[in-house]
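The next block holds one structure in the form of structure tokens; read it before the comments.
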Amino acid sequence: MSTTNRRNIQFKLNGRAASADIAVYETVIEVLQREFGLFGARESCAQGLCGCCTVLVDGLAVSGCLYLAAFADGAEVQTVEGLADEGVLHPIQKCFIAKDAFQCGFCTPGFILMTKELLERNPDPNADEIRHYLSGNLCRCGTYPDIVEAVKAAAGEIAHGAPLRANPSADSAQ
């Protein structure tokens, strides 16, 4: 492999400075798994259609199986592993558990990150808005009604004071 096909990227990963030597053609999910051992985002369809590989880049959901890692240079990347704060689950994670919004759990990290993006844009979505926003995430177990209930519960938790960010003080320290 030519060294010109490699580069170093610097970015923020789950609130911490990170860097990685990557091949220019590698996807962000490949780098997250290989370099950082983060397997919450999972490659399933490898076409950006199922949502299992969702990660947030600068707060926007991207398909980790298509998003080139080189584009994350200088960005803030958040994975489902970065939502919990020192072992304390994020309100969205708690609500997914409380509402049994998963069966096998394979798709759950993507749903949770999409929910985070949704609630940052719309803190009080109705059921139709939730279904529409999460329509790019596929669950073969069919837990959609529980997922909608979990999102509504998370919106309520956050509206009553639970922080949308797991560690809000980390944001103000930047």
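Heads up: numbering here begins at 1 and tracks the sequence.
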Any side-chain to backbone donor/acceptor pair from [X] onto [Y]? Under 3.5 Å, distance only.
| X | Y | answer |
| --- | --- | --- |
| Tyr133 | Met114 | no |
| Asp58 | Glu76 | yes |
| Glu30 | Thr27 | yes |
| His132 | Asp128 | no |
| Asp85 | Val88 | no |

Spacing of [X] atom [atom1] and [Y] atom [atom2] [to the nearest 0.5 Å]:
| X | Y | atom1 | atom2 | value |
| --- | --- | --- | --- | --- |
| Ile92 | Thr108 | CD1 | OG1 | 13.0 Å |
| Gln93 | Leu83 | CD | CG | 5.0 Å |
| Glu129 | Asn126 | CD | CG | 4.0 Å |
| Leu134 | Tyr144 | CG | OH | 9.5 Å |
| His160 | Ile158 | NE2 | CD1 | 12.0 Å |

Self-check item: Any side-chain donor near an acceptor of the partner, Lys116 and Gln78, under 3.5 Å
Solution: yes
Quiz item: Does one side chain, of Thr143 or Asp100, offer a donor that lies under 3.5 Å from an acceptor on the other?
Solution: no
Under 3.5 Å, which donor-acceptor pairs link side chains of residues 32-56 to any protein atom two or more places apart or in another chain?
{"unit_1": "Gln33", "atom_1": "NE2", "unit_2": "Ala41", "atom_2": "O", "d": "3.1"}
{"unit_1": "Arg34", "atom_1": "NH1", "unit_2": "Glu26", "atom_2": "OE1", "d": "3.1"}
{"unit_1": "Arg34", "atom_1": "NH1", "unit_2": "Glu26", "atom_2": "OE2", "d": "2.0"}
{"unit_1": "Arg34", "atom_1": "NH2", "unit_2": "Asp21", "atom_2": "O", "d": "3.2"}
{"unit_1": "Arg42", "atom_1": "NH1", "unit_2": "Gly105", "atom_2": "O", "d": "3.1"}
{"unit_1": "Arg42", "atom_1": "NH1", "unit_2": "Phe106", "atom_2": "O", "d": "3.0"}
{"unit_1": "Thr54", "atom_1": "OG1", "unit_2": "Gly51", "atom_2": "O", "d": "2.7"}

Exercise. Walk me through it: do Asp73 and Arg7 pass the test side-chain contact (heavy atoms from CB on, under 4.5 Å)?
Key: CA-CA 10 Å; Asp73 194 17; Arg7 64 181 284 198; 2.8 Å; yes
Self-check item: For Gln10, all residues meeting side chain to side chain donor-acceptor pair (under 3.5 Å), sequence neighbours excluded
Solution: Asn8
